[in-house]
Amino acid sequence: MMKLIRRSLNGVTMYRLMVYYLGVLFLGGVAVGMMGAAFLDPVGLVVSLVLSVASAWVTNRLFSFFLKLPTNAESVHITALILALIMPPADFADPMTLAAIVLASVAAIASKFILTLGHKHIFNPVAIGAVVAGVGLNTPALWWVGGTPQLLPLVILGGLLVAYKIERLGMIAVYILSNLAAVLLTTPPGMMGMALQQTLLYSPLFFAGFAMLTEPLTAAHGRWSRHVYAAIVGVLSSSNIHIGTMYFSPEMAFLVANIYAWAASPKGRFKMKLIGVEEIAANCYEFVFQSDRALKFRAGQYLDWTLGLSGSDKRGNRRPFTIASAPGASAVRVGVKFNPQGSAFKRGLLRMQEGDTIYGSQIAGTFVLPRQREKKLLFIAGGIGITPFRSMIADLLERGEKRDIVLVYANRSADEIAYRELLTRARNELGMKVVYAVSGEPGSAIYDDVTLVQGRMDETNLRECVPDLDERRVYVSGASTMVSGFLKMLRKCGVRRRWIHTDAFAGL
Ligand SMILES: Cc1cc2nc3c(=O)[nH]c(=O)nc-3n(C[C@H](O)[C@H](O)[C@H](O)COP(=O)(O)OP(=O)(O)OC[C@H]3O[C@@H](n4cnc5c(N)ncnc54)[C@H](O)[C@@H]3O)c2cc1C
């Protein structure tokens with residue numbers, strides 16, 4: 001069952017999954033309204049959605065046209081859907097509800113272009129939209145999706161899939177626990193049961209967590225900062241927290257936490273100009289870019305890349321790619337794997353000409369070398385999963401820093417081995433041991449004095465190539481299935497779980 005879920009989630013991007021999640025919740029709301037089970041008018045809901053999508057879409061097109069910036073169409077739909085799920089449903093008898101949904105949508109999208117610092121928007125667009133409509137038209141968010149208990153199973157199950165897909169279950173747990181703790185600590189003992197029931201069944205708690213806390217661009221980066229961010233939203237959005245007579249709404253809690261996230265996160269969006277493309281292995285190309293300003297990152301981290309596409313597909317126009325170059329290098333490199341039935345994004349990437357631009361944002365990732373140099377390391381790369389190691393190795397070479405490293409590089413065929421020249425340098429200059437594991441055709445006379453394993457890597461030959469396996473911190477990088485396969489193998493070999501670091505290239 002888990003395998004099936006994992007495989008289905010692999011085929012869909014985070015943005016697409018979020019659109020499905022919100023779409024299902026919206027239809028659920030319409031169905032509940034049609035059954036007369038709640039105070040939801042289905043026609044009003046549909047009108048709200050049409051208004052929010054249309055206003056968000058037009059605002060987005062206008063801003064991107066005048067500012068000449070690429071946009072992510074799916075993120076516009078996500079913003080519009082969330083607003084339709086939280087603003088009061090449109091009611092022709094109360095024109096303010098119609099104006100509020102339009103104003104909230106326009107403000108949400110405009111905030112992405114206007115409320116920016118270092119090319120990065122600071123506030124969760126939905127939260128801004130809801131606050132503007134609340135203050136400007138005295139029509140605040142109703143969070144009806146959270147106040148409809150019939151929708152709760154859908155909110156939680158779908159939300160868990162989203163959080164699982166983007167690996168934010170820990171962050172959601174911190175948010176929920178801090179919210180409940182704040183509720184309990186501020187409620188008189190005799191009323192705790194009722195307060196808990198209210199929070200769990202009738203509040204925006206779960207929906208706001210799954211749909212808004214997970215928004216990657218305005219959340220904090222790095223595990224601990226993310227947890228602090230989640231705790232701020234959790235505590236401030238709990239029902240009894242107030243400053244003087246002002247009580248926080250969930251949307252205001254997000255705005256406060258966004259300021260923390262902005263202060264704690266790496267800043268900005270980088271405009272990258274293509275300066276070269278090189279084939280580095282079969283169906284793998286390296287794209288070399290010049291960034292408009294210096295990129296501060298640690299070897300092994302990645303960026304979110306947004307490509308201006310005229311026609312996108314259901315996988316959208318944004319992808320995480322590891323920065324394959326060393327932090328100090330003048331050019332920014334990414335190594336990309338191409339598939340025969342490739343996505344619109346990858347086809348667009350291949351069509352790029354020298355001088356064309358793409359945007360990188362949100363340096364992130366904890367797949368980095370330990371600071372203690374004496375630790376023995378084992379790198380395991382599958383195919384294009386070599387990119388974070390390429391960055392680390394190039395960095396070590398640049399700084400002449402020797403560490404005790406074994407690299408096991410698994411590929412289906414010899415022509416899929418990338419960066420061979422750099423790996424040869426690492427063997428010669430750093431004393432790194434390199435093992436090429438080739439499950440298919442090994443090719444001829446290319447391996448010099450590296451260790452070659454023919455056939456699939458298994459426990460026996462892993463132990464043979466790395467006799468001191470138990471003493472090494474292990475870093476595994478590649479497609480999700482490869483990473484989980486090696487994780488199981490390493491656990492069977494007795495490697496401690498907390499010594500294993502993984503970088504799963506979801507989507508491959
Ligand atoms: C932290 C991180 C770092 C990463 N670093 C890298 C990196 O350095 N290099 C790298 O190459 N990747 C990297 N990835 C993976 C990358 O982000 C993409 O998810 C991956 O390359 C797949 O790209 P794609 O969606 O464009 O699909 P493709 O690579 O084009 O195709 C992947 C599969 O999806 C299928 N597919 C494609 N389009 C569609 C469609 N419209 N409908 C249905 N099926 C479709 C294809 O047939 C193929 O089977 C990283 C991922 C993460 C999370």
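Throughout, residue positions are numbered sequentially from 1 according to the sequence presented. Indexing begins at 1, ligand by ligand and atom by atom, following the structure's order. Side chains are part of it too, since the values below use all heavy atoms of this structure and drop only hydrogens, waters and symmetry mates.
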Colleague: Relative to each other, are the rings of F321 and F345 parallel, tilted or perpendicular (30° and 60° limits)?
Modeller: tilted
Colleague: In terms of ring plane angle, is the pair F289 and F287 parallel, tilted or perpendicular, where the classes change at 30° and 60°?
Modeller: parallel
Colleague: Side chain or backbone of F505 under 4.0 Å from ligand 1, or both, or neither, by non-hydrogen atoms?
Modeller: both
Colleague: If we only count N/O pairs under 3.5 Å, is A504 in contact with ligand 1?
Modeller: no
Colleague: Using 4.0 Å as the upper bound for N to carboxylate O, is an ion pair formed by D470 and R463?
Modeller: yes
Colleague: Which atoms from ligand 1 have a heavy atom of T387 less than 4.0 Å away?
Modeller: 7 (C), 8 (O)
Colleague: Using 30° and 60° as the class limits, which term best fits the ring planes of F210 and Y21: parallel, tilted or perpendicular?
Modeller: perpendicular
Colleague: Give yes or no for whether the N/O distance cutoff of 3.5 Å, strictly under, is met between P320 and ligand 1.
Modeller: yes
Colleague: Considering R390, K346, R319 one by one, which has a heavy atom nearer to atom 21 (O) of ligand 1 than any of the others?
Modeller: K346
Colleague: Is N339 in contact with ligand 1, taking contact as a heavy-atom separation below 4.0 Å?
Modeller: yes
Colleague: Give the numbers and elements of all ligand 1 atoms closer than 4.0 Å to a heavy atom of V336.
Modeller: 11 (O)
Colleague: May I ask whether G335 places a heavy atom under 4.0 Å from ligand 1?
Modeller: yes
Colleague: Would you mind finding which of F321, F287, W305 brings a heavy atom closest to atom 12 (N) of ligand 1?
Modeller: F321
Colleague: My understanding is that we take every heavy atom of each candidate and find the minimum distance to atom 5 (N) of ligand 1. Doing that for V334, T322, D503, which one comes out nearest?
Modeller: T322
Colleague: Quick one, Y229 with N258, criterion side chain to side chain donor-acceptor pair (under 3.5 Å). Give me CA distance, side-chain angles, the key distance, then yes/no.
Modeller: CA-CA 8 Å; Y229 171 73; N258 290 151; 3.1 Å; yes
Colleague: Using a strict cut-off of less than 4.0 Å between a Lys/Arg side-chain nitrogen and an Asp/Glu carboxylate oxygen, indicate whether K433 and D404 qualify as a salt bridge.
Modeller: no
Colleague: Could you go step by step and tell me if E215 and T218 meet the side chain to side chain donor-acceptor pair (under 3.5 Å) rule?
Modeller: CA-CA 6 Å; E215 204 270 331; T218 51; 2.4 Å; yes
